[in-house]
Each structure stands twice: as C-alpha cells, then as structure tokens.
Asks: 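If you scroll down you'll find the structure; I have some questions about it.
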2 protein chains.
Amino acid sequence: MTQLDLRIVKTKEALHIALLTLLKNKPLEAISISEICRIAKVNRGTFYLHYTQIGDLFEEYFKEIVEDLANSYQEPYRHVIKLNPKELNPTTIRIFHHVEKYKEYYRIILSKNVPLTYYYLLLEEVKRLLRGNLDKDYKLEDSIDSNFQATYAANAILGLIIEWYNNDFEQEADYLNEQLVKILRLT
Amino acid sequence: MTQLDLRIVKTKEALHIALLTLLKNKPLEAISISEICRIAKVNRGTFYLHYTQIGDLFEEYFKEIVEDLANSYQEPYRHVIKLNPKELNPTTIRIFHHVEKYKEYYRIILSKNVPLTYYYLLLEEVKRLLRGNLDKDYKLEDSIDSNFQATYAANAILGLIIEWYNNDFEQEADYLNEQLVKILRLT
DNA sequence: TAAATTATTGAACAGTTGTACAATAAAATT
DNA sequence: AATTTTATTGTACAACTGTTCAATAATTTA
C-alpha cells in the first residue's frame with residue numbers, strides 16, 4: 001500500500017516552489033493565492049483541496065525549519081564559549097546560530113503583519129527543548145508551575161531574538177550567546 | 001483653529017461601534033471591511049480614507065488598552081502580596097490584573113490568526129515600564145546591552161501571559177504574581 | 001493490463017478588495 | 001450668513017476569494 005499519491009506530491013511541490021519564488025520579491029501578506037497557482041500552474045481549486053490559506057503552505061516550510069532547530073540540538077556543540085555549565089546549559093544556547101542560518105525566514109515570521117501562529121510554533125519547540133534542561137538544572141519547588149516556568153524562560157529567549165531581529169540581525173550569534181549568559185548571571 | 005472635523009469623529013465612532021458589535025459574534029479575521037461599513041452605515045470608500053486594514057481600526061482600541069496599562073502603574077498598588085521589594089519591584093507585577101480586566105481583548109490579540117503587531121505594541125509598553133526598574137534595581141554591567149536585557153525581561157513576562165491565555169485565564173491574577181516571584185527567586 | 005479510485009481541471013457565482021473620480025453634503029472660517 | 005474647505009457618497013472596475021459541480025486525467029490496486 002502506498003501512502004502518497006504522486007499527483008499530490010507534484011502539486012504541493014509546485015506550490016512550494018511558487019511561494020518561495022514569490023517570497024523573493026514581496027512579503028507574505030502581499031502574495032495572493034491566485035498568483036501562486038498561476039506560477040505553479042495549478043488550478044486554484046486544487047489549492048483549496050490541500051490548504052485553506054497561504055499561511056498553511058508557508059507553515060509546511062516553517063515546520064521543517066523548526067525541525068532543524070530540534071535536530072541541531074542532537075549534534076555536539078562546537079562553538080565553544082567560556083561559560084560555566086552550572087549556570088547555563090550550553091545546549092540551551094544553540095538557538096541563535098540556528099536563527100542566523102535561517103534568518104531570511106525569521107525575518108518573515110517575525111514581521112508585524114504576519115499571524116502569531118509561526119511564533120507559537122517556535123515557542124512550543126523552544127519550550128520543549130528547554131524543559132529537559134530546566135528539570136535537570138534546577139530543583140523545582142513543588143509550588144511552581146513548570147508550564148509557566150518553561151514558557152517564561154522560552155519566551156525570554158525569543159525576546160532576545162525579537163530584539164536581534166529589530167537590529168536586523170546585525171550582531172553575531174555568539175554575541176547573543178554572551179548577552180544571554182550575562183543576563184542570566186545577573187538576575 | 002479646530003483640530004478635529006466633526007464628520008471624521010462621527011465616522012470613526014460609527015466604525016468603532018460596528019467593529020465591536022461584530023467582534024461579539026466572530027473573530028477578527030472573519031470580519032470584512034464591507035461588513036463593518038454596512039453596519040456603520042459608512043461608505044466603504046470612507047473607510048479607506050482613514051484606515052488601510054481592519055487591523056488599523058482595532059489598533060485604535062488596543063492602544064487605549066495599552067494606555068490603561070501604563071496608567072495603572074501610576075496609582076499606588078493595592079493588591080498587597082508579601083514579596084521582597086529588593087527582589088522584585090511590585091510595580092512590575094501589576095500587569096496581570098490589567099490583563100485580567102481586559103481579558104476579552106487579550107483573547108483576541110493573542111489568538112493565532114491575528115498579526116503580531118498588537119503583541120509588539122504590548123511588548124514595547126512593557127519594556128518601557130520595566131526599563132525604569134531594571135536600571136534602578138540592578139547595577140548594569142557595562143558590557144550588557146540594556147535593549148536586549150529589557151526585551152528579555154519584558155518578553156518573559158509576556159510568556160507568562162501567553163501560558164495564562166492558553167489556560168483560558170483560569171487562574172487568578174494574584175496566582176500569576178506568585179508564580180513570577182517564585183520564578184525570579186529561582187533563577 | 002484492466003478496473004477502480006481519486007486528484008485535478010475548468011467554469012461559474014456571489015461576495016470582497018483596493019482604487020479612482022465627479023457630485024454632494026457637511027463642517028469650519030471669515 | 002455667505003463662502004471656502006474638505007469629508008462623504010455613489011458608482012464603476014479589475015482582481016481576488018471561497019465554494020460548488022460535472023468532466024477528465026493521473027495514479028493506484030487487483
């Protein structure tokens with residue numbers, strides 16, 4: 001038994017390529033479904049068979065990017081910075097290099113006219129990655145809600161990324177790492 | 001010399017009321033400009049004379065709400081919680097009661113299909129409110145970028161609000177305050 | 001390979017969007 | 001109160017949206 005109908009694969013591929021092509025010239029919000037379909041040579045009705053919004057199509061990519069973030073946490077950390085592992089687990093900090101690598105996409109998902117969905121996808125992933133560490137590094141008080149704590153920490157890191165984005169990613173990823181370490185030592 | 005043309009005031013008021021009316025029954029993304037104008041009995045072209053998107057209209061409200069957040073920081077803090085003022089400036093923490101008060105609106109601006117703009121407006125305001133405190137409470141290292149630090153702290157607090165929103169605001173505002181204090185003591 | 005399944009197409013429809021322009025009405029100014 | 005200024009209206013247009021349906025084509029299954 002086969003899982004994927006070849007026609008579906010082809011259609012989605014064509015739509016993916018079309019969206020990427022258009023994104024080189026205009027922001028996500030300025031792209032119309034008709035336009036994508038025209039370029040992809042796919043009937044507009046077919047688009048609606050697979051997606052409901054352009055955002056759904058974009059989300060398919062972005063999920064791959066977020067997957068790369070998760071994967072990057074597996075391989076050993078090579079960018080060595082002097083930091084005390086008791087204060088900050090180095091794995092925590094690989095996210096900035098990931099963002100730097102995909103900055104064209106982060107420029108999209110952090111732009112103000114784009115829906116929050118992608119931000120939330122990212123937040124969930126960072127939470128998931130942090131959660132393991134939080135448990136290990138700190139003994140939790142019983143009275144603390146670990147969901148609140150995880151979202152607090154994850155969103156704080158996303159705050160750094162937002163500020164970085166506002167600076168048009170002009171600093172090095174390593175600089176962001178240093179800042180994070182300093183902020184954590186301070187608090 | 002007069003500043004505001006009465007016709008403009010009336011038009012905007014009608015549009016405001018129409019949007020609020022519609023928001024009772026459907027989410028922001030499902031509301032069309034035509035619909036608003038039909039209810040407001042305002043020509044559609046007139047809408048475009050003042051706004052470019054529905055979001056602009058909604059933003060006018062939301063700015064008032066954010067203003068209330070800022071104002072609430074002026075009056076003395078009455079919800080007394082036992083906390084060490086050296087560890088956490090109590091003014092920091094008034095935000096949860098504000099959100100509770102306007103939770104219908106925060107439900108809108110934190111929903112996933114809504115653009116990031118409103119989130120950024122909120123983030124900027126929280127940063128502004130925190131910035132004063134951060135400077136006072138901590139001696140900043142020279143090497144730390146206060147913009148990064150401010151966005152880190154402000155976004156962390158918004159993280160708690162996001163988690164609270166995901167829980168459909170079921171906890172009390174005071175509970176959020178307690179959690180924040182505990183998290184800050186922990187870090 | 002033939003039959004069955006199902007994705008894609010094309011056409012059509014009512015509603016929305018963004019824009020333009022002349023005519024009109026409402027407000028501000030003198 | 002008369003005049004000037006300007007916001008609003010109505011109309012029109014091309015493009016986009018979301019949906020439906022029968023006809024057709026591509027792919028899978030037996």
Side-chain angles (χ1 to χ4, degrees), chain A residues 1-61 108 111-118, chain B residues 1-61 108 111-118:
Chain A
M1 67 227 177
T2 329
Q3 292 292 20
L4 292 179
D5 191 313
L6 265 188
R7 291 167 293 184
I8 297 179
V9 176
K10 285 178 194 167
T11 297
K12 288 194 167 187
E13 201 176 279
L15 290 172
H16 280 171
I17 293 171
L19 176 56
L20 277 192
T21 306
L22 286 167
L23 275 176
K24 283 173 188 152
N25 299 316
K26 41 172 119 179
L28 192 58
E29 328 91 66
I31 297 172
S32 72
I33 293 174
S34 301
E35 217 171 355
I36 294 175
C37 293
R38 230 176 288 126
I39 293 182
K41 294 192 206 308
V42 162
N43 190 277
R44 198 164 54 86
T46 309
F47 177 94
Y48 288 104
L49 243 35
H50 299 293
Y51 307 102
T52 67
Q53 309 167 3
I54 294 177
D56 299 344
L57 183 56
F58 182 75
E59 193 170 315
E60 281 190 347
Y61 293 118
I108 294 170
S111 66
K112 64 194 191 70
N113 290 314
V114 144
L116 272 164
T117 335
Y118 315 119
Chain B
M1 64 225 174
T2 329
Q3 292 290 21
L4 293 177
D5 191 314
L6 265 189
R7 291 169 291 186
I8 297 178
V9 176
K10 285 178 194 167
T11 297
K12 289 193 167 188
E13 201 175 280
L15 290 172
H16 280 169
I17 293 171
L19 176 54
L20 278 191
T21 307
L22 285 167
L23 275 175
K24 283 174 189 153
N25 299 316
K26 41 171 120 180
L28 192 58
E29 328 92 66
I31 296 172
S32 72
I33 294 174
S34 301
E35 216 172 354
I36 293 175
C37 294
R38 231 176 288 128
I39 291 181
K41 294 190 205 309
V42 162
N43 190 277
R44 198 163 55 85
T46 308
F47 177 94
Y48 288 104
L49 243 36
H50 299 294
Y51 308 101
T52 67
Q53 310 165 4
I54 293 177
D56 299 343
L57 182 58
F58 182 75
E59 192 169 314
E60 281 190 347
Y61 294 117
I108 294 170
S111 66
K112 62 193 191 70
N113 291 314
V114 145
L116 272 164
T117 337
Y118 315 118

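Order of the sequence lines fixes the chain letters, A, B, ..., with proteins taken first and strands second; residue numbering starts at 1 for each chain.
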Asks: Nearest to the side chain of Asn43(B) - dT17(D), dT9(D), dT9(C)?
Replies: dT9(D)
Asks: Separation of Ile54(A) atom CD1 from dC16(D) atom C1', in whole Å?
Replies: 10 Å
Asks: Whole angstrom is fine here: how far is it from CD in Glu29(B) over to P in dT17(C)?
Replies: 14 Å
Asks: Without decimals, in angstroms, what is the distance between Ile36(A) CD1 and dC16(D) C1'?
Replies: 12 Å
Asks: Might you point out which heavy atoms bring Leu23(A) and Pro27(A) nearest each other, and give the distance in Å?
Replies: CD2-C, 4.4 Å
Asks: Expressed as a whole number of angstroms, how long is the span from Ile31(B):CD1 to dT17(D):P?
Replies: 20 Å
Asks: Want to settle it: does Leu6(B) or Ser32(B) sit nearer the 5' end of DNA chain C, counting the closest nucleotide to each?
Replies: Ser32(B)
Asks: Rounded to the nearest 0.5 Å, what separation is found between the CD1 atom of Ile8(A) and the NZ atom of Lys10(A)?
Replies: 12.0 Å
Asks: Respond yes when some side-chain nitrogen or oxygen of Arg7(A) is under 4.0 Å from OP1 or OP2 of dT28(D), and no when none is.
Replies: no
Asks: Is any side-chain nitrogen or oxygen of Thr46(B) closer than 4.0 Å to OP1 or OP2 of dT9(D)?
Replies: yes
Asks: Categorize Lys41(A) for me: base, sugar-phosphate, or nothing, with a 4.0 angstrom heavy-atom threshold over every strand shown.
Replies: sugar-phosphate
Asks: Counting only side-chain N and O atoms of His50(A), is one of them less than 4.0 Å from OP1 or OP2 of dA7(C)?
Replies: no
Asks: Quick check on dT17(C): is either OP1 or OP2 less than 4.0 Å from any side-chain nitrogen or oxygen of Ser34(B)?
Replies: yes
Asks: Determine, stepwise, if the pair Leu49(A) / Thr11(A) fulfils side chain to side chain contact (heavy atoms under 4.5 Å, CB included).
Replies: CA-CA 11 Å; Leu49(A) 243 35; Thr11(A) 297; over 6 Å; no
Asks: Take the protein atom CD1 of Ile33(A) and the nucleotide atom C1' of dT17(D), then report the distance between them rounded to whole Å.
Replies: 7 Å
Asks: May I ask you to decide if the ring planes of Phe58(B) and Tyr118(B) are parallel, tilted or perpendicular, using 30° and 60° as cut-offs?
Replies: perpendicular
Asks: Both Lys10(B) and Arg44(B) contact DNA chain D. Which one's nearest nucleotide lies toward the 5' end?
Replies: Lys10(B)
Asks: Send over the distance from Phe47(A) CZ to dC16(D) P, rounded to a whole Å.
Replies: 14 Å
Asks: Expressed as a whole number of angstroms, how long is the span from Asp5(B):CG to dT8(D):C1'?
Replies: 10 Å
Asks: Under 4.0 Å, heavy atoms only, any strand: does Leu49(A) hit a base, just the sugar-phosphate, or nothing?
Replies: base
Asks: Round to a whole Å and report the spacing from OH of Tyr48(A) to P of dG18(D).
Replies: 4 Å
Asks: Looking only at heavy atoms, which two atoms of Asp5(A) and Arg7(A) are closest? And how far apart?
Replies: OD2-NH2, 2.7 Å
Asks: For the side chain of Ile8(B), counting heavy atoms from C-beta on, which of dT8(D), dA28(C), dT16(C) is nearest?
Replies: dT8(D)
